[in-house]
Student: 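Got a structure for you, written out below as structure tokens; questions coming shortly.
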There are 2 protein chains.
Amino acid sequence: MDTESIRESLETTGLRFTPQRHCVMAFLMEYPGHPTAAEIFEAVNRLDPRLSRATTYNNLRDLVQAGLVREVAVEGRAARFDAKGVRHHHFICDRCGNVEDVEWYEVPKPALSSLGKRTLRECELIVRGLCTKCAPAKGRDGVSAV
Amino acid sequence: MDTESIRESLETTGLRFTPQRHCVMAFLMEYPGHPTAAEIFEAVNRLDPRLSRATTYNNLRDLVQAGLVREVAVEGRAARFDAKGVRHHHFICDRCGNVEDVEWYEVPKPALSSLGKRTLRECELIVRGLCTKCAPAKGRDGVSAV
DNA sequence: GTCCTAGATTAGACAGAATCTAAATACGGT
DNA sequence: ACCGTATTTAGATTCTGTCTAATCTAGGAC
Ligand SMILES: [Mn+2]
Ligand SMILES: [Mn+2]
Ligand SMILES: [Zn+2]
Ligand SMILES: [Zn+2]
């Protein structure tokens, strides 16, 4: 969407502005969910064939390192990404692996004494359970729909 | 260690007791860290060659599903496992991907209203930063050791 | 505008992790 | 001992992500 703001955020993190980076970043900012690298590649490449698979992975790595994008590891599935907008937690569905946002709220950090010499960067909360699609229907009489 | 308690926990979850499952479970209960599937296979297979690679993966999947073992996804690396003993959180090193335990403390769950129709199973805290090995040495004069 | 170079892109090979297949085996109830 | 089904197995396969080495380009210097 806002090309100039993307350019700025890239420049302030020391990354060059390229059409490929712009596309990946813009896609992540518009896309409502948490796409995988493969999904990002396919969607962006369809719009602008200049983006290659290798560059998708390269850029995602760089954007995560620059702190502009967040990577969510899901057990047994491909990693998922989102542009770091407003702070939020994540919900991961036990069954389908879908990642959804959970409204932000403060979480107590571990006591410094229990961290020892480790450096703390962030404290991430992951909520697990069944998403709306996978949760058993709890209608008035317990009947389930597929 | 305690064969019979392992047998029981398997039976109560509906899993048959097999030498392979026993070995995997026993290994996880004794091992202090968070091994990958490959590490578990190598270590156990060396002691008891009856365990195959496929079965290692099969059993880990079943044990996780049965709630006896926890799987920790680490971005860009193989999943790590631990036997569910005392409750605890996890620390993941940004640099080496090492997973370490963090003493348990209660974390506030998200408001029911923000969960909607989703089912909540657990609330997991993941602390990120640099582990003791990777943290910059902060000696009296800032000199670093390798 | 032209030149330059470190950084970026690319196709395709490669590697690692995990799953699948289909045949053989063995747990555990009777 | 027998049986039915869950489990195991080797190897192929799929899926994710990284690497290589050749090519290109963003953007600063002039
Ligand atoms: Mn998100
Ligand atoms: Mn642990
Ligand atoms: Zn789901
Ligand atoms: Zn480390």
Side-chain angles (χ1 to χ4, degrees), chain A residues 3-4 6-25 34-45 47-66 68-69 71-81 96-97 99, chain B residues 3-4 6-25 34-45 47-66 68-69 71-81 96-97 99:
Chain A
T3 301
E4 273 319 302
I6 292 180
R7 168 169 240 127
E8 272 178 40
S9 52
L10 288 177
E11 277 171 358
T12 58
T13 61
L15 294 172
R16 281 191 187 166
F17 178 87
T18 68
Q20 291 86 349
R21 274 191 189 138
H22 170 260
C23 287
V24 169
M25 198 62 205
H34 298 82
T36 63
E39 285 165 359
I40 296 168
F41 167 62
E42 279 172 38
V44 175
N45 178 267
L47 300 176
D48 184 339
R50 276 178 299 179
L51 181 73
S52 73
R53 212 174 67 92
T55 298
T56 308
Y57 279 100
N58 287 344
N59 283 348
L60 286 170
R61 191 216 319 106
D62 296 342
L63 292 170
V64 167
Q65 196 149 38
L68 299 173
V69 166
E71 175 174 358
V72 186
V74 184
E75 321 73 65
R77 309 191 187 235
R80 297 181 167 275
F81 299 86
C96 69
V99 175
Chain B
T3 302
E4 273 318 303
I6 292 180
R7 169 170 238 125
E8 273 178 39
S9 51
L10 288 177
E11 277 170 1
T12 59
T13 60
L15 294 172
R16 282 191 187 165
F17 179 88
T18 67
Q20 290 88 347
R21 276 194 187 134
H22 171 258
C23 287
V24 169
M25 197 63 205
H34 298 82
T36 63
E39 286 166 358
I40 296 168
F41 166 62
E42 280 172 37
V44 175
N45 178 267
L47 300 176
D48 183 341
R50 276 177 298 178
L51 181 74
S52 74
R53 215 173 62 89
T55 297
T56 308
Y57 280 100
N58 287 344
N59 282 349
L60 285 170
R61 193 217 317 107
D62 295 343
L63 292 170
V64 167
Q65 197 150 36
L68 299 173
V69 166
E71 175 174 358
V72 186
V74 185
E75 322 73 65
R77 309 191 188 238
R80 296 181 167 275
F81 300 85
C96 69
V99 175

Student: Does A:N58 have a side-chain nitrogen or oxygen under 4.0 Å from the phosphate oxygens OP1 or OP2 of C:dG7?
Tutor: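 The answer is no; no side-chain N or O of A:N58 sits under 4.0 Å from OP1 or OP2.
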
Student: How long is the gap from CD on A:E42 to OG1 on A:T56, to the nearest 0.5 Å?
Tutor: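 Result: 10.0 Å between the selected atoms.
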
Student: Please state how far atom CG in A:N59 lies from atom P in C:dA8, giving the value in whole angstrom units.
Tutor: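 It works out to 9 Å between those atoms.
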
Student: Please classify the nucleic acid contact of B:A54 as base, sugar-phosphate, or nothing, using heavy-atom distances under 4.0 Å.
Tutor: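 Base contact.
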
Student: Tell me if the side-chain of A:R16 makes a donor-acceptor pair with the base of C:dA6, cut-off 3.5 Å, by modelled atom types.
Tutor: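 Result: at least one qualifying N/O pair found.
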
Student: Look at the side-chain N and O atoms of B:Y57 and state whether any lies under 4.0 Å from the OP1 or OP2 oxygen of C:dA18.
Tutor: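 Looking at the OP1 and OP2 atoms of C:dA18, one of them is under 4.0 Å from a side-chain N or O of B:Y57.
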
Student: Using a heavy-atom cut-off of under 4.0 Å over every strand shown, decide if B:P49 touches base, sugar-phosphate, or nothing.
Tutor: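 The answer is nothing, as B:P49 stays clear of every strand by at least 4.0 Å.
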
Student: Who pairs with B:R7 by salt bridge (Lys or Arg N to Asp or Glu O under 4.0 Å), at least two apart in sequence or on another chain?
Tutor: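 By the salt bridge (Lys or Arg N to Asp or Glu O under 4.0 Å) rule, B:R7 matches B:E4, B:E11.
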
Student: Does B:R53 put a side-chain nitrogen or oxygen below 4.0 Å from OP1 or OP2 of C:dC20?
Tutor: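 For C:dC20, OP1/OP2 do not have a side-chain N/O of B:R53 under 4.0 Å.
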
Student: On DNA chain C, check which nucleotide each of B:Q20 and A:D62 is closest to and give me the residue with the more 5' one.
Tutor: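 Between the two, 5'-proximity favours A:D62.
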
Student: Do B:T13 and B:L63 come close enough that some side-chain heavy atom pair is under 4.5 Å?
Tutor: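 Side-chain contact under 4.5 Å: no.
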
Student: Hey, which of A:N59, A:T55, A:L51, A:I6 is the one that makes side chain to side chain contact (heavy atoms under 4.5 Å, CB included) with A:R21?
Tutor: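 Single pass found, and it is A:N59.
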
Student: Establish, with yes or no, whether the OP1 or OP2 oxygen of D:dT18 is under 4.0 angstrom from a side-chain nitrogen or oxygen of A:R61.
Tutor: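 So the side-chain polar atoms of A:R61 never come under 4.0 Å of the phosphate oxygens OP1 or OP2 of D:dT18.
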
Student: Counting only side-chain heavy atoms from C-beta out, which of C:dA11, D:dT8, D:dA26 sits nearest to A:P19?
Tutor: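 The nucleotide sitting nearest to the side chain is D:dA26.
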
Student: Just checking A:A79: base, sugar-phosphate only, or nothing, at a heavy-atom cut-off of under 4.0 Å?
Tutor: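 Since only primed, P, OP1 and OP2 atoms lie under 4.0 Å of A:A79, the category is sugar-phosphate.
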
Student: It should be established whether B:R21 places a side-chain nitrogen or oxygen under 4.0 Å from OP1 or OP2 of nucleotide D:dT7.
Tutor: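 Yes, within the criterion.
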
Student: What is the distance from NE2 of A:H22 to C1' of C:dT9, rounded to the nearest Å?
Tutor: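 About 18 Å, once rounded to whole Å.
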
Student: Kindly say if B:T18 contacts the phosphate of D:dT8, meaning a side-chain N or O under 4.0 Å from OP1 or OP2.
Tutor: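 True: B:T18 side-chain N/O within range (under 4.0 Å) of D:dT8 OP1/OP2.
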
Student: Starting from C1' on C:dA11, measure out to CG on A:N45 and report it in whole angstrom.
Tutor: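 It works out to 13 Å between those atoms.
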
